[in-house]
Amino acid sequence: MAVLRIVLALLMTLARVLPFLLAAALVFFLWRRSARKREDPEFKGPVYTVDYEEVEDEEE
């Protein structure tokens with residue numbers, strides 16, 4: 001009889017904690033999924049680069 005009470009107590013505790021664990025797992029999963037989607041932006045169109053030449057300061 002004592003074993004039945006222990007099992008019943010464990011099941012009741014699990015039933016109380018399980019919704020919070022499921023919600024935490026869902027939030028964690030969605031957070032990881034959104035973090036994985038963040039990648040480098042796609043450039044649509046040409047990307048311009050500028051070539052420059054170093055010029056020494058002119059002495060006056």
Side-chain angles (χ1 to χ4, degrees):
M1 197 67 172
V3 175
L4 183 61
R5 284 189 180 193
I6 292 172
V7 170
L8 212 60
L10 288 174
L11 286 176
M12 292 300 290
T13 304
L14 184 63
R16 287 184 179 184
V17 174
L18 192 61
F20 297 107
L21 292 176
L22 289 175
L26 181 65
V27 167
F28 180 74
F29 173 74
L30 292 175
W31 177 57
R32 293 285 297 169
R33 185 177 172 198
S34 68
R36 191 175 355 138
K37 284 188 177 182
R38 287 186 211 140
E39 296 175 358
D40 294 334
E42 293 182 20
F43 292 104
K44 296 179 181 176
V47 177
Y48 297 102
T49 59
V50 177
D51 294 332
Y52 65 93
E53 182 180 326
E54 290 186 20
V55 178
E56 304 233 354
D57 291 337
E58 295 179 12
E59 293 181 16
E60 293 184 29

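Positions are given from 1 along the sequence.
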For Ile6 and Leu10, what are the C-alpha separation, side-chain angles and deciding distance, and is it a side-chain contact (heavy atoms from CB on, under 4.5 Å)? CA-CA 6 Å; Ile6 292 172; Leu10 288 174; 4.2 Å; yes

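- In this structure, the separation between CG on Leu14 and CG on Leu21 is 8.0 Å, given to the nearest 0.5 Å.
- The OG1 atom of Thr13 sits 9.5 Å away from the CG atom of Leu8 when rounded to the nearest 0.5 Å.
- The side-chain contact (heavy atoms from CB on, under 4.5 Å) check on Val27 picks up nothing, with sequence neighbours excluded.
- With sequence neighbours left out, Val3 forms a side-chain contact (heavy atoms from CB on, under 4.5 Å) with Val7.
- Under the rule for a side-chain contact (heavy atoms from CB on, under 4.5 Å), the partners of Phe29 that lie at least two apart in sequence or sit in another chain are Arg33.
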